[in-house]
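Data block below; observations after.
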There are 2 protein chains.
Amino acid sequence: MDRHTSQRIAIEASLRTAQRPLSPAEILDASKPDAPTINLATVYRTLKRLAESGLIRPVDLPGEPSRYELAGLPHHHHFKCDSCDRVFDVPGKCPSGLTDGLPSGFRVRDHEVVLVGTCADCGHAPTRPGRSRRPRASPSHNRGT
Amino acid sequence: MDRHTSQRIAIEASLRTAQRPLSPAEILDASKPDAPTINLATVYRTLKRLAESGLIRPVDLPGEPSRYELAGLPHHHHFKCDSCDRVFDVPGKCPSGLTDGLPSGFRVRDHEVVLVGTCADCGHAPTRPGRSRRPRASPSHNRGT
DNA sequence: CTCCAGATGCGAATGCACTATCATCTGCAT
DNA sequence: ATGCAGATGATAGTGCATTCGCATCTGGAG
């Protein structure tokens, strides 16, 4: 149960190349050149298996469906561009003082830091062509949970 | 278009009393004592209007549907309890160094910090009765530091 | 007290991310 | 080169949060 199909190879290559967390739809697009017949269902199936095997890891941002990145990267945070909806890695180290002010009895197991703004590309040009803004119109589900 | 119905009063009271972000379902429960016939659709409708009027504000956490809290609170972060799924305010001030390591050209408009762990209540007792764990089975959210 | 614009309750409907089904295809062990 | 377990593609189906449609109800101006 681990064949090297062109689809799986393309998916892994997309994630390795992107250097940033990709959504299933982005992975689908990025994989099409190498695996033209690839299907969204296959992307989901493959991501699930890669995640279970520990090769990749889900990246969840508020109000967004899961993206995926290679596991084993050094600890980092994420930057979400308002304009093109892409998510980038922020290599900065963990800020201290995160848990200041926490009432006693609360135990922190993990933390998430997300920066939001405009990326370098979008800061220059008003809109960034070639990258589809995903249609997340509704202000509500921002789930994320 | 702004009547003081028992439902709206109950919803506002719930949010004012809770001192923490509430999900629509939590608001429904919290409002029932004051407005026994209240309905989820009404909760959503009312939240939408309160948010538009600027009285409340959505709080979005990774992998979670929107919660709501009073707008105009001083800046704070949030703590999500793994065990009871409640979200608490963390009054701590903003850690510095958040934007260290950001590539040039990136402009930060906002940031989100979420702490995850177990709250004081859940740290004492294994499970907290009276608070339903919402059934979010999805394996997506588990990120490593 | 009356009346009606606006609010509510209820159930059905929508939108979206994701999964199941199943017939067909294909790595790869033999 | 062959056969088949496992993978894929196409599409229908799920589950969940949120919204719609509409008949009924009600706050509050008059």
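In what follows, chains carry the letters A, B, and so on, assigned in the order in which the sequence lines appear, proteins first and then strands, with residues in each chain numbered from 1.
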Next on the checklist: Within the 3.5 Å criterion, strictly below it, is a donor on His111(A) or His77(B) matched to an acceptor on the partner's side chain?
Outcome noted: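 Distance-only check fails for His111(A) and His77(B).
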Item to check | Donor + acceptor pair across side chains of Ser31(B), Ser14(B) (<3.5 Å) | outcome: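 There is such a pair between these side chains.
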Can you measure [X] atom [atom1] to [N] atom [atom2] for me and round it to whole angstrom units?
X        : N       : atom1 : atom2 : result
Asn39(A) : dC22(C) : CG    : P     : 17 Å
Leu61(B) : dA17(D) : CG    : C1'   : 16 Å
Gln7(A)  : dG27(C) : CD    : P     : 8 Å

Item to check | Main-chain N/O of Leu102(B) paired with Thr99(B) side-chain donor or acceptor, under 3.5 Å | outcome: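 No: the side chain of Thr99(B) does not pair with the backbone of Leu102(B).
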[N], OP1 or OP2 - any side-chain N/O from [X] closer than 4.0 Å?
X        : N       : result
Thr37(A) : dG9(D)  : yes
Arg45(B) : dT18(D) : no
Tyr44(B) : dT19(D) : no
Arg49(B) : dA7(C)  : yes

Item to check | Among His78(A), Gln19(A), Arg20(A), the one residue meeting side chain to side chain donor-acceptor pair (under 3.5 Å) with Glu69(A) | outcome: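 Exactly one pass, corresponding to His78(A).
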Checklist entry - Base, sugar-phosphate alone, or nothing: which one does Ile38(A) contact when heavy atoms must sit under 4.0 Å apart? => result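 If one applies the 4.0 Å heavy-atom cut-off, Ile38(A) turns out to touch the sugar-phosphate alone, with no base involved.
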